[in-house]
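Chain A is the first sequence line, chain B the second, and so forth, proteins listed ahead of strands; every chain is numbered from 1. Predicted model, so just to flag it, every value in this text is computed and none were measured.
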Amino acid sequence: MKKSYLSKTNWVNFATYGMVIIAFVVMQLMGSAGMLSSTIRGQLVPICAYVVMALSLNLTVGILGELSLGHAGFMSVGAFAGAVAAAALPISSAPLRLGAAMLIGAVLAGLVGVVVGVPVLRLNGDYLAIVTLAFGQIIKSVVENLYIGMDAKGLHASFLENRITFTDGGRMILNGPMGVNGINKISTFTAGFVLTMIVLVVIFNLVNSRAGRAIMALRDNRIAAESVGINVTKYKLMAFVTSAAMAGAAGTLFALGQNTITASKFDFNMSILILVFVVLGGQGKMWGSILAATFLTVLPETPAMRELRDYRMLVYAIVMILVMLVTNSDKLKGLAGRIIPKGKGAADNG
Amino acid sequence: MLIFLNHLINGISLGSVYAIIALGYTMVYGIAKMLNFAHGDVIMVGAYICFFAISSFNLPPAVGILLAMLVCTLLGIVIERLAYKPLRQATSLAVLITAIGVSYLLQNGAQLLWTSNIKMFPSFFPGQPVELFGGELKITVASIVTVAVCVVIMLALTWFTGQTKVGKAMRACSEDKGAAQLMGIDVNTTISVTFAIGSALAAVAGVLFCSVYPNLTPTTGSMPGIKAFTAAVFGGIGSIPGALLGGVLLGLIEIFASAYISTQLSNAIVFAVLIIVLLVRPTGLLGKQIREKV
């Protein structure tokens, strides 16, 4: 039995890798043949960022079984750290600078994840949802009051009001509520593809490792897992911080593909949007998150759907409630079970 | 000194509104063990109903408030029946995601129905502010009414949960649903009653909140909702006196932080307090430490 379980998981994993690679190659070919509209081309980098965000939130929601409502906050940390780093780093090669900025964004978001996670993940219950929600608001207020500039002497920062005085040749990078302007757009679709692949490799290897099994055991039955000696806080923190770091990298990718970013872009609505991707794609199903993030980003941009734009979030809310009711209510599950025969075992964690 | 007193009064008044909202969270959490994220948006619906009753239909304010309470009570019961009841046996994650869905549904529904334009909530508390110290300290009627309403609600709820049959059933359900059911308590009705009371309180809170901060939009409810939840956790979730204590403390922290530290950072400070409380005392100030049985 064990062997067939592993091979099925592996099959799903390889199919997911294949799907991403094929999508990348097809888009590249279509792009070089001039078959993509400018709207779609402009959406490629944000789509990659949203896909990575959805994957990273799925690690927290689907694998760890906790809810983070401040995922946009980690994205924000990554976005602003990455934007400042990209402007300040003396690396001339754009891909290298992007990579370094992403690394800085990921590390910083991961560190913030530790700060948020350590007090909260010791507790049981829904506290993580509330604290991450609060954290998202804190990050927004902090970034809106942060001023960072650079001159020949290096970086200068001030908080609450702009007190930066420059020697000659200085310029502002992060300008409080106005955010970062005039970003040098160095994010490319290829970079987004590479980041998506790295994130997938990390998630699949984590899930199929000893640590990953411990994390999923915590999700399924915390008390039983604790009684066989699994360190609850350690494994919860491991999953959560990994997820936060990935969100940070996604934030950098997103920011460096835009002209301007402001803190208000990464608000509660963004966190909910990412949650919709995860819920709709299926908790714990990475391929589902990729598809949901892609289609829900592209669909509202198509001309047919533009008319319905006002109803978009309303529809998302209804879909989210219905998905939860159908997958969790005993009555509805029994109904669905009669129509669709049960699969063999619960090998859903691909 | 007078400025300090002024901030103190404002803080207590704002804190009383938070306390009324926090009661809704605490009661629902106590009985259904779930975070009702949509509670904040019920506040917004209540405020809109009262707004339209007063300004579009020219009804007297008292009727407007009663109407808002009625609509919110029904809304609370409908939400519970349609969205939360089928998930009684589901994981807390599923319930939480559903609650967020409901919250979002209410916000976006309100946006479509009433647009996102700011509506100015009418101030309907008559009379001049009470003047103390030769007119240097003014206490508005709105803040006196808010504090009084909060105290009355608190006393009424303490009596209700302690003395009445339904209140005792609520306490029994929050202790042990299975045992309560065996004793002949209708658990589903009891949970519905809890949602009804919480939502009616949310309507009152919405009206009181908007008479202090009159800008009414579909997202009006979310911030006070989150802060009131913070207050409920602060005071100890599940505890009625805890909600009062947490609410008032949070109101004071918010007003003093924006007066003496920084206006822009007052929200951040409020939430930082939440994180510190969870770090030091996860069950809140008045919360009971519940031991887990395996």
- Query: With only heavy atoms counted, which part of Leu106(B) is less than 4.5 Å from chain A, the side chain, the backbone, both or neither?
  - Reply: neither
- Is it the side chain or the backbone of Gln264(B) that comes within 4.5 Å of chain A heavy atoms, both, or neither? both
- Task: Answer whether the closest heavy-atom distance between the side chains of Arg81(B) and Asn188(B) falls below 4.5 Å.
- Result: yes
- Message: Please confirm whether the ring centroid of Phe37(B) lies under 6.0 Å from the ring centroid of Tyr104(B).
- Response: no
- Taking 4.0 angstrom as the limit, do Arg88(B) and Glu80(B) come out as a salt bridge? yes
- Item | Heavy-atom contact with chain A under 4.5 Å, split by part of Ser262(B) | side chain
- Item | Which atoms of Ile97(B) approach chain A - backbone, side chain, both or neither, heavy atom under 4.5 Å | both
- For Phe195(B), the option from Tyr29(B), Tyr84(B), Tyr25(B) that meets ring-ring contact (aromatic ring centres under 6.0 Å, His included): Tyr84(B)
- Query: Under a 4.5 Å heavy-atom cut-off, does chain A meet the side chain of Leu112(B), its backbone, both or neither?
  - Reply: side chain
- Under 4.5 Å from any heavy atom of chain A - which part of Val233(B): side chain
- Under 4.5 Å heavy-atom distance to chain B, tell me which part of Leu133(A) shows up: side chain, backbone, both or neither. side chain
- Item | Residue Ile139(A) versus chain B: region with a heavy atom under 4.5 Å | neither
- If you tally heavy-atom pairs under 4.5 Å between each of Val102(B), Leu274(B), Leu105(B) and chain A, the highest tally belongs to Leu105(B)
